[in-house]
2 protein chains.
Amino acid sequence: MPPTGPRPLRADAQRNRDRLLDAAARAFSQAGGAEVTLDAIAKDAGVGIGTLYRHFPTREALVEATYRKELARLCDATSELLESLPPDEALRTWMDRFVDYMTTKRGMADALRAVIASGGNPFSESKARLTEAVTTLTRAGVDAGRVRPDVDAADLVASLGGVSLMAAEPTQREQAGRILDLLMDGLRYGARGTAAEPGT
Amino acid sequence: MPPTGPRPLRADAQRNRDRLLDAAARAFSQAGGAEVTLDAIAKDAGVGIGTLYRHFPTREALVEATYRKELARLCDATSELLESLPPDEALRTWMDRFVDYMTTKRGMADALRAVIASGGNPFSESKARLTEAVTTLTRAGVDAGRVRPDVDAADLVASLGGVSLMAAEPTQREQAGRILDLLMDGLRYGARGTAAEPGT
DNA sequence: CTTGTAAATGGAGGATCCTCCGCTTAAAGT
DNA sequence: ACTTTAAGCGGAGGATCCTCCATTTACAAG
């Protein structure tokens, strides 16, 4: 017997959930979308505020769900990057994209804070995907002798999260880039094929 | 004529400000101090909520002011560290202390977010001190050939802020340590006296 | 000491967050 | 079709945040 997975949502619940996500996507992608009130989103979706909170217990949860697809796309881009670039550059480029999502879609910052801070639970889905993507990239780098082998992918994801949080203001995008360079050099330090010079 | 500095506070205003800081220190240093309501602090200080908000426009501003002294102590510790340790280890140790403040005094996280995110204004005092401290440490490292010369101190402060934000949970203190190691190796990469092996 | 005035006060009130629970309804069983 | 029941709904209401401005007060000038 197939172990009863989490039983499917009731039809009306599913419908409301979808409406909420639609409304949220609409709201968050507008300018200043980070300030939209949850009441407004619920109203726009035509459901009660209680329903919103049941489906998404915190603002972060709603934002995370809204951006889950985009996060997935970002993760899926790894193989493509690895085909067209040397592994360390692929990793560096991927990091840049990661941060770019933050500065363009403002609501995304909340999403990632939620994803990365998820000590153990509800958002681990996206977190797992991100960690997996980073694992793929670093492993390729290690195999090519361009990245040190003793780096934990989860640590790196956390770092990216931290950098992104600081770079939330588009003003600080350049600073974020420099920090990523630094981090990248930390990743190169001690790789098999170590070069003594920093930078690309 | 001496350029009229920001005119001194009126006597009653100064008194209220001090009371508020006392009350805040009391509140924030208690367990779970991060959740204290501002109304409670105002009441404890015996002033109206409006007064609190005039002196400290945001929660972060109050927290920052509360911890300003401790932040200053941290900054002042640099010379002591430089006397007893090689510059790169001094820097690494200082970074650790920086993060430690976060995990012990929980309210401090808010403070630092405020300090570091201060694009340009009200908290630049503490930010400037932190940057100065890091400058001292890195410069010593550069002179000793143990830190690369092309690192901007402000970038490093921002990085520390990012790491600290992610390490807010004491659970993640070890992860924070590993990230600092990585960052530190990034700083060593390309220093005059480059060693090919990572770590200390 | 009196007066003028700008600084400072404080709390009522509007906005938002989030919880809680009595009512509604999908859908499984008969 | 009818009953049953638990999943789902919604929004009133309590808590907190922050603003605004009529009133009070420090203190400088006369």
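Values in this document were obtained by computation on a predicted structure and should not be read as measured data. Just so we're on the same page: letters track the sequence lines, and every chain starts at 1.
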> How are the rings of B:Tyr67 and B:Phe28 set relative to one another: parallel (under 30°), tilted (30 to 60°) or perpendicular (over 60°)?
Replying inline: parallel

>> Return whichever of A:Gln14 or B:Arg54 has its heavy-atom-nearest nucleotide of DNA chain D closer to the 5' end.
In response: A:Gln14

To the nearest Å, give me how far apart [atom1] ([X]) and [atom2] ([N]) are.
X	N	atom1	atom2	result
B:Arg15	C:dG10	CZ	P	10 Å
B:Asp12	D:dA26	CG	C1'	6 Å
B:Arg19	C:dT9	CZ	P	11 Å
B:Asp39	D:dT19	CG	P	13 Å
B:Asn16	D:dA26	CG	C1'	12 Å
B:Phe56	D:dC18	CZ	P	15 Å
A:Leu52	C:dC20	CG	C1'	16 Å
B:Ile41	D:dC18	CD1	P	12 Å

> Which part of the nucleic acid, if any, lies within contact of B:Thr51, taking any heavy atom under 4.0 Å across all strands shown: a base, the sugar-phosphate backbone alone, or nothing?
Replying inline: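 Base contact - B:Thr51 has a heavy atom under 4.0 Å of at least one base atom.
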
Measure all distances between protein nitrogen or oxygen atoms and nitrogen or oxygen atoms of nucleotides 2-7 of chain C, and list the pairs falling under 3.5 Å.
| unit_1 | atom_1 | unit_2 | atom_2 | d |
| --- | --- | --- | --- | --- |
| C:dA7 | N3 | B:Arg10 | NH1 | 2.7 |

> Salt bridge between B:Arg15 and B:Asp12, side-chain N to carboxylate O under 4.0 Å?
Replying inline: no

> Taking 4.0 angstrom as the limit, do B:Arg92 and B:Glu89 come out as a salt bridge?
Replying inline: no

> What residues form a side chain to side chain donor-acceptor pair (under 3.5 Å) with A:Asp100, not counting sequence neighbours?
Replying inline: A:Arg173

Nucleotide of [options] approaching [X] most closely (side-chain heavy atoms):
X	options	result
A:Ile49	D:dT25, D:dG10, C:dT19	C:dT19
A:Tyr53	C:dT16, C:dC18, C:dT9	C:dC18
A:Arg59	D:dA26, C:dC17, D:dC17	C:dC17

> Which heavy atom in B:Ala45 sits nearest to a heavy atom in B:Ala23, and how many Å separate them?
Replying inline: CB-CB, 3.9 Å

> Are any of the side-chain heavy atoms of B:Arg54 and B:Thr51 separated by less than 4.5 Å?
Replying inline: yes

>> Contact between A:Val147 and A:Arg188 at the side-chain level, heavy atoms closer than 4.5 Å - yes or no?
In response: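 Counting from C-beta outward, A:Val147 and A:Arg188 never come under 4.5 Å.
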
> Is B:His55 near enough to C:dT9 that one of its side-chain N or O atoms lies under 4.0 angstrom from OP1 or OP2?
Replying inline: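 So the side-chain polar atoms of B:His55 do come within 4.0 Å of the phosphate oxygens OP1 or OP2 of C:dT9, strictly under.
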
